[in-house]
Peer 1: 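Sharing a structure, written as structure tokens. Questions coming.
Residue numbers start from 1 in every chain, and the chains themselves are labelled A, B, ... in the order their sequence lines are given, proteins ahead of strands. Computed over heavy atoms, backbone and side chain alike; hydrogens, waters and symmetry mates excluded.
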Amino acid sequence: MTADSGPTPGADVSTATESGAIPLSEVAGPFDLQATVESGQSYLWDRPDGRMYESMDAHGGDAWYRTVAPPIDGVTDDPIAVRIRQREGRLEWVATDDPVPLVTHLLRLDDDLDAIYDAAPDDDLIQRAVDAYRGLRLVRDPPFPCLISFICSAQMRVARVHGMSVGLAESFGTEYDLGGKAVPAFPEPDQLAGRTEAELRDLKLGYRAPYVKRTAEMVAEGAAHPTEALGLGYEAAREYLTQFVGVGDKIADCVLLFSLGYLEAIPLDTWIQTAVAEYYPDCDCGTYAETSRALRERLGGAYAGYAQTYLFYYLRVRGDE
DNA sequence: TATCCAAGGTAAGTT
DNA sequence: AACTTACCTTGGATA
């Protein structure tokens with residue numbers, strides 16, 4: 001029983017910081033940090049300048065982005081707080097520990113993007129989206145924060161989902177010191193499971209509040225964990241994730257694509273469904289599972305999720321056409 | 001100023 | 001299995 005029942009997070013202060021840079025010449029293919037982090041596929045990064053989502057068409061911005069990542073199997077043993085910015089062909093970083101393996105993992109700098117473009121469908125709409133946002137990479141969000149943040153995304157605008165995610169971190173997460181600035185980590189399962197529905201509603205989660213609480217309880221109690229979907233076939237993995245409260249097919253696909261590395265997953269959100277009606281009407285098979293399958297074929301199979309994410313960003317930012 | 005509406009859906013109840 | 005409906009909240013559109 002910790003005594004942190006209030007909104008004040010425990011302070012976990014580590015004062016040591018390191019800094020350095022990743023030359024982007026070492027990355028296979030192009031990279032666009034802003035497009036990657038502000039495209040609405042991850043809600044776990046924040047801009048200390050407070051201008052998240054305010055200028056999504058401005059390419060090559062050199063803003064700082066920061067996050068705190070929990071330990072990740074095979075990548076990091078401890079939480080790392082990091083901030084990065086893209087500038088002059090390098091990815092500059094300041095962090096509480098060497099973040100290069102972590103950042104490479106989180107932002108999929110190990111993907112050969114040129115090869116993925118080569119495999120992209122010969123499709124006018126997709127090609128336009130790729131041309132518009134060349135360098136946008138998928139992310140590998142930590143599984144639990146990804147799961148919770150996407151439960152929050154139901155019927156919600158991108159900027160507000162990000163706001164909820166930041167609110168959860170500020171209210172219930174552990175703070176880390178990064179060069180003198182306090183950076184809150186996304187709450188761990190027990191840090192959310194212990195909250196009341198009312199506390200979560202105070203953060204404007206609305207009807208998602210009990211979903212978040214119950215899912216956090218399931219993970220905290222060990223009843224299930226999103227990483228247990230790893231190793232299952234794509235559709236079985238999606239089915240596994242829908243056992244979490246507040247998770248249907250769409251949000252399950254988001255977790256598979258944006259956290260667990262199922263690049264064939266294509267979340268059928270309202271934007272993509274509009275695109276199906278307008279550009280791929282023959283892929284509309286009625287049910288989610290069937291339409292998903294048909295569209296996945298159309299968008300190139302194994303990397304269909306990449307096409308989905310370019311399409312989502314392109315349609316959402318450009319309005320239409 | 002007041003009202004309406006959609007926002008990266010899901011759960012629960014009906015047919 | 002497919003179809004309805006309720007659900008929190010808010011910023012922007014419309015009257």
Side-chain angles (χ1 to χ4, degrees), chain A residues 35-45 52-54 56 129 133 136 138-139 141 145-168 171 195-218 224 226 235 238-259 262 265-279 284-293 295 299 304-320:
Chain A
T36 299
V37 174
E38 297 199 38
S39 55
Q41 52 169 327
S42 173
Y43 300 106
L44 306 179
W45 292 81
M52 198 79 174
Y53 307 120
E54 286 183 13
M56 291 196 297
Y133 299 110
L136 187 165
L138 283 170
V139 296
D141 276 352
C146 180
L147 179 64
I148 297 296
S149 60
F150 274 93
I151 288 173
C152 291
S153 78
Q155 288 292 104
M156 197 48 60
R157 286 182 174 81
V158 164
R160 287 202 54 211
V161 181
H162 180 259
M164 290 180 192
S165 190
V166 169
L168 287 170
S171 296
R195 308 276 68 89
T196 64
E197 182 181 323
E199 285 179 293
L200 297 175
R201 281 181 187 265
D202 285 345
L203 295 179
K204 313 303 179 190
L205 295 195
Y207 61 79
R208 304 155 197 82
Y211 300 168
V212 166
K213 179 175 171 57
R214 291 170 62 192
T215 288
E217 285 170 346
M218 291 172 72
E235 292 192 341
R238 186 173 65 193
E239 181 64 24
Y240 176 85
L241 292 177
T242 59
Q243 75 181 288
F244 293 106
V245 182
V247 179
D249 286 332
K250 187 270 175 184
I251 288 174
D253 268 335
C254 289
V255 176
L256 292 175
L257 181 61
F258 303 136
S259 177
Y262 286 77
I266 34 178
L268 297 184
D269 55 67
T270 55
W271 292 96
I272 299 301
Q273 285 177 9
T274 299
V276 168
E278 217 168 308
Y279 301 97
D284 184 356
C285 305
T287 67
Y288 186 101
E290 292 296 327
T291 300
S292 170
R293 216 169 289 162
L295 188 60
L299 296 186
Y306 252 104
Q308 185 274 357
T309 298
Y310 273 88
L311 200 48
F312 173 75
Y313 191 40
Y314 184 72
L315 295 174
R316 191 171 61 83
V317 172
R318 305 286 290 256
D320 61 349

Peer 1: Is the shortest side-chain heavy-atom distance between A:Thr36 and A:Gln41 below 4.5 Å?
Peer 2: yes

Peer 1: Does a side-chain heavy-atom distance below 4.5 Å link A:Gln308 with A:Asp269?
Peer 2: yes

Peer 1: For A:Met156 and C:dT9, what is the distance between atoms CE and P respectively, to the nearest whole Å?
Peer 2: 10 Å

Peer 1: So, does the side chain of A:Tyr288 form a donor-acceptor pair with the base of B:dG9 at under 3.5 Å?
Peer 2: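 In this structure, the two groups form no donor-acceptor pair.
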
Peer 1: Under 4.0 Å between a side-chain N/O of A:Gln155 and OP1 or OP2 of B:dA7, yes or no?
Peer 2: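 Result: no.
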
Peer 1: Taking any heavy-atom pair under 4.0 Å as a contact, classify A:Val158: base, sugar-phosphate, or nothing.
Peer 2: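 If one applies the 4.0 Å heavy-atom cut-off, A:Val158 turns out to touch a base.
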
Peer 1: How many whole angstroms separate atom OH of A:Tyr53 from atom C1' of B:dA7?
Peer 2: 14 Å

Peer 1: Give a yes/no on whether any side-chain N or O of A:Lys204 is located under 4.0 angstrom from OP1 or OP2 of C:dT10.
Peer 2: yes

Peer 1: Which part of the nucleic acid does A:Thr242 contact within heavy-atom distance under 4.0 Å: base, sugar-phosphate only, or nothing?
Peer 2: nothing

Peer 1: Going by modelled atom types, is there a donor-acceptor pair between the base of C:dT9 and the side chain of A:Arg160 at under 3.5 Å?
Peer 2: yes

Peer 1: Inspect the contact between A:Lys213 and A:Glu199 and indicate whether a charged nitrogen and a carboxylate oxygen are less than 4.0 angstrom apart.
Peer 2: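 No, this pair does not count.
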
Peer 1: Among C:dC8, C:dA2, B:dT10, which nucleotide sits nearest the side chain of A:Thr287?
Peer 2: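 Selected nucleotide: C:dA2.
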
Peer 1: Measuring only the P atom in each nucleotide, how far is C:dA6 from B:dC5? A whole number of Å is fine.
Peer 2: 15 Å

Peer 1: Rounded to whole Å, how long is the line connecting atom NZ of A:Lys213 with atom P of B:dA11?
Peer 2: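 One finds 18 Å between P of B:dA11 and NZ of A:Lys213, rounded.
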
Peer 1: To the nearest angstrom, how far is A:Arg157 atom CZ from B:dC5 atom P?
Peer 2: 14 Å

Peer 1: Taking the side chain as C-beta and beyond, is there a heavy-atom pair between A:Asp249 and A:Arg238 under 4.5 Å?
Peer 2: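 Heavy-atom side-chain distance check passes, below 4.5 Å.
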
Peer 1: Run the salt-bridge test on A:Glu217 and A:Arg214 with the 4.0 Å N-O cut-off and return the result as yes or no.
Peer 2: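 Here A:Glu217 does not pair with A:Arg214 in a salt bridge, since their nearest N and O are not under 4.0 Å apart.
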
Peer 1: Can you tell me how far C1' of B:dT10 sits from CZ of A:Arg214, to the nearest Å?
Peer 2: 12 Å

Peer 1: Just how far, in rounded Å, is C1' of B:dT10 from CD of A:Gln243?
Peer 2: 15 Å

Peer 1: Between P on B:dT10 and CD1 on A:Ile148, what's the gap in Å once rounded to a whole number?
Peer 2: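 Checked: the CD1 to P distance equals 14 Å.
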
Peer 1: Could you give the CD-to-P distance, from A:Glu199 to C:dC8, as a whole number of Å?
Peer 2: 18 Å

Peer 1: Paired with C:dC8: which nucleotide, if any, by Watson-Crick or G-U wobble criteria at under 3.5 Å for both distances?
Peer 2: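 Check on C:dC8: unpaired, no WC or wobble geometry under 3.5 Å.
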
Peer 1: Tell me which of A:Tyr211 and A:Asp269 sits closer to the 5' end of DNA chain B, going by the nucleotide each one is nearest to.
Peer 2: A:Asp269

Peer 1: Have a look at A:Ile251 and say if it touches a base, only the backbone sugar-phosphate, or nothing, with a 4.0 Å heavy-atom cut-off.
Peer 2: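 Sugar-phosphate, backbone atoms only, no base.
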
Peer 1: Is the base of C:dC8 touched by the side chain of A:Arg208 through a donor-acceptor pair closer than 3.5 angstrom?
Peer 2: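 Counting by modelled atom types and ignoring angles, a donor-acceptor contact under 3.5 Å is found here.
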
Peer 1: Contact class for A:Glu197 vs. all strands (heavy atom < 4.0 Å): base, sugar-phosphate, or nothing?
Peer 2: nothing

Peer 1: Can you say whether the rings of A:Tyr133 and A:Tyr313 are parallel (under 30°), tilted (30 to 60°) or perpendicular (over 60°)?
Peer 2: tilted

Peer 1: What interatomic distance, in whole Å, is found between P of B:dT3 and the corresponding atom of C:dC8?
Peer 2: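 After rounding to an integer number of Å, I get 22 Å for this pair.
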
